[in-house]
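Since the structure comes first, as structure tokens, the remarks are kept for the end.
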Amino acid sequence: MTPSIRSERKYLEILRILAESHEPLGAKRLSEKMAERGFVLSDRAVQYYLQYLDEMGFTAKVGNRGRLLTEAGIAESKLALVEEQIGFIISKLERLAFRSTFDPTTGKGTVAYNLSLVREDDLPGVTAAFDEVASAGYGFLNTYRVVDTDPRIPEGHLGIMTACSVTLDGVIQKMGIPTRLEYAGRIAVDENGSASFLDLIGYRGTSVDPLHLFVSAGLTSINRLVTTGAGVALANVRAVPAAAGSRVEEVVGLMEELGFAFPAGRGIGEFNLPEHPYRLFVVAFTGMNMVGNAVEKGYTVKTEIGAGTTPFEDLMYATGSR
């Protein structure tokens, strides 16, 4: 790749999306597809990137239908390194976990968050969907904040901040316990509260955030879960040394007291995950359950997972607190 494009992943993702498409794509459709891959960009921002790609000779306009890759663009997209594609998502989340400073013993510090973009007219319906998940206790932190001043929010839209579950990884790391984010998966919960995984995708084997994949593919039944008590939600799995089990259980208990949500058994060493003599799995619900419920109701929600960090009180005492 040319140096200017190699250093900006958004260019690379646009090239990949166009390479996978059999028809021209406009800025609006590209923005939607970028959001599915974890990149929140307004139509206007996508248009800016496309203009640069046009100038580089990698894309060409097809009337009013959108852009296609040129031969040069096809060749350029094929040069992307496989290691780059696979390592990006997990590297981003691990950096965010390291940057979070939340301390559950004091309830202070910063937590990682996701940023969802919704149309202003859709906000009442989307927040109602978020509220359903919050009331049922299936978000990672059952609160959220509506924001309108973030520069990433396009005109006519509002942002919704939800806690990102990599906050847990940051907390465990700062206790001096090694932790490794392993999987994202669909977790089936029954009327008795017991849970088991239906599917798992390893974070280190994908170039797209697995949670986006499950939601965009319509593989959840979060609304059924929050209304009937049984359904399919989203959770992720990290591994810690088995010897640290009691310390991790203690910190999870402190986080639960502050409003964080975990599956049955506090998410520790349960479920149908493979047993390991030296490692213990810790499972947490994800803030994407709120997004998933809204998407199931037909709303368009573009979400950047791991969008940054924010003080815990900004989310704890925010719109939608429960």
Side-chain angles (χ1 to χ4, degrees), residues 89-115 134 137-145 161-185 187 195 203-204 209-211 233-271 273 276 278-290 304-318 321-322:
I89 294 297
I90 187 61
S91 296
K92 175 184 177 181
L93 294 176
E94 287 177 338
R95 285 196 303 270
L96 197 62
F98 181 78
R99 285 172 49 201
S100 64
T101 61
F102 180 64
D103 182 350
T105 63
T106 63
K108 302 292 184 182
T110 60
V111 296
Y113 71 88
N114 308 321
L115 179 65
Y138 292 109
F140 176 56
L141 177 67
N142 291 307
T143 65
Y144 59 87
R145 175 179 289 276
M161 297 170 62
T162 54
C164 178
S165 55
V166 298
T167 299
L168 173 61
D169 300 87
V171 170
I172 295 173
Q173 288 174 6
K174 288 169 180 60
M175 294 174 63
I177 299 172
T179 181
R180 177 183 169 96
L181 188 58
E182 297 281 10
Y183 311 109
I187 189 167
Y203 277 104
R204 285 165 175 79
D209 193 291
L211 299 174
L234 299 170
N236 51 34
V237 183
R238 67 271 305 140
V240 300
S246 60
R247 294 180 63 197
V248 173
E249 185 171 0
E250 179 182 354
V251 77
V252 167
L254 291 172
M255 292 181 73
E256 283 183 319
E257 292 176 7
L258 292 169
F260 291 90
F262 298 84
R266 290 185 169 174
I268 301 174
E270 302 289 338
F271 319 105
L273 295 166
H276 192 284
Y278 306 114
R279 292 191 300 171
L280 185 68
F281 290 116
V282 184
V283 178
F285 285 125
T286 165
M288 284 296 288
N289 286 327
M290 293 182 177
E304 180 179 356
I305 296 177
T309 59
T310 190
F312 175 62
E313 55 266 27
D314 284 358
L315 285 177
M316 183 59 186
Y317 305 107
S321 295
R322 287 294 181 269

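Just so you know, residue 1 is the first one in the sequence shown, and it goes up from there.
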**OP:** Go through the steps for Thr310 and Met161 under the test side-chain contact (heavy atoms from CB on, under 4.5 Å), then give the verdict.
**Re:** CA-CA 9 Å; Thr310 190; Met161 297 170 62; 3.7 Å; yes
**OP:** Go through Thr309 and Val111 one step at a time and tell me if the side-chain contact (heavy atoms from CB on, under 4.5 Å) criterion holds.
**Re:** CA-CA 5 Å; Thr309 59; Val111 296; over 6 Å; no
**OP:** Evaluate the side-chain contact (heavy atoms from CB on, under 4.5 Å) criterion for residues Arg279 and Glu182: first the C-alpha distance (whole Å), next the side-chain angles of each, then the deciding distance (0.1 Å), finally the verdict.
**Re:** CA-CA 12 Å; Arg279 292 191 300 171; Glu182 297 281 10; 3.0 Å; yes
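Ion pair Glu304/Lys92 flagged as a salt bridge, since at least one NZ, NE, NH1 or NH2 atom sits closer than 4.0 Å to an Asp/Glu carboxylate oxygen. A salt bridge does not link Arg145 to Glu313: none of the charged nitrogens lies less than 4.0 Å from a carboxylate oxygen.
A heavy-atom distance below 4.5 Å is found between the side chains of Leu211 and Thr286. Put simply, the side chain of Ile305 reaches to within 4.5 Å of the side chain of Leu93, judged on heavy atoms. Put simply, the side chain of Lys108 does not reach to within 4.5 Å of the side chain of Asp103, judged on heavy atoms. Side-chain contact between Gln173 and Phe98: present, with at least one pair of heavy atoms (C-beta onward) separated by less than 4.5 Å. Between Leu141 and Thr162 there is no side-chain heavy-atom pair separated by less than 4.5 Å. For the pair Val237 and Phe271, the minimum side-chain heavy-atom distance is 4.5 Å or more. Looking at heavy atoms from C-beta onward, Pro263 lies in side-chain contact with Ile187 at the 4.5 angstrom threshold. Using a 4.5 Å cut-off on side-chain heavy atoms (C-beta onward), Ile89 and Tyr203 make contact.
Atoms CZ and CG, from Phe102 and Leu315 in turn, are 10.5 Å apart once rounded to the nearest 0.5 Å. Atom OG1 of residue Thr179 and atom NZ of residue Lys174 lie 11.5 Å apart, to the nearest 0.5 angstrom. Atoms CG and CG, from Asp209 and Asn114 in turn, are 8.5 Å apart once rounded to the nearest 0.5 Å. How far OH of Tyr113 is from OG1 of Thr167: 11.5 Å, rounded to the nearest 0.5 Å.
Note: Phe285 and Phe140 fail the aromatic proximity criterion, with ring centroids not under 6.0 Å apart.
A donor-acceptor contact under 3.5 angstrom links the side chains of Thr110 and Thr101, judged on distance only.
Relative ring orientation between Phe260 and Phe312 is described as parallel, the plane-to-plane angle staying below 30° on a 0-90° scale split at 30° and 60°.
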Between side-chain atoms of residues 238-252 and protein atoms elsewhere (two or more places apart, or another chain), which donor-acceptor pairs fall under 3.5 Å?
| unit_1 | atom_1 | unit_2 | atom_2 | d |
| --- | --- | --- | --- | --- |
| Arg238 | NE | Asp169 | OD1 | 3.3 |
| Arg238 | NE | Asp169 | OD2 | 3.2 |
| Arg238 | NH1 | Asn236 | O | 3.2 |
| Arg238 | NH1 | Asn236 | OD1 | 2.8 |
| Arg238 | NH2 | Ser165 | O | 3.3 |
| Arg238 | NH2 | Asp169 | OD1 | 2.8 |
| Arg238 | NH2 | Asn236 | OD1 | 3.2 |
| Arg247 | NH2 | Met175 | O | 2.9 |

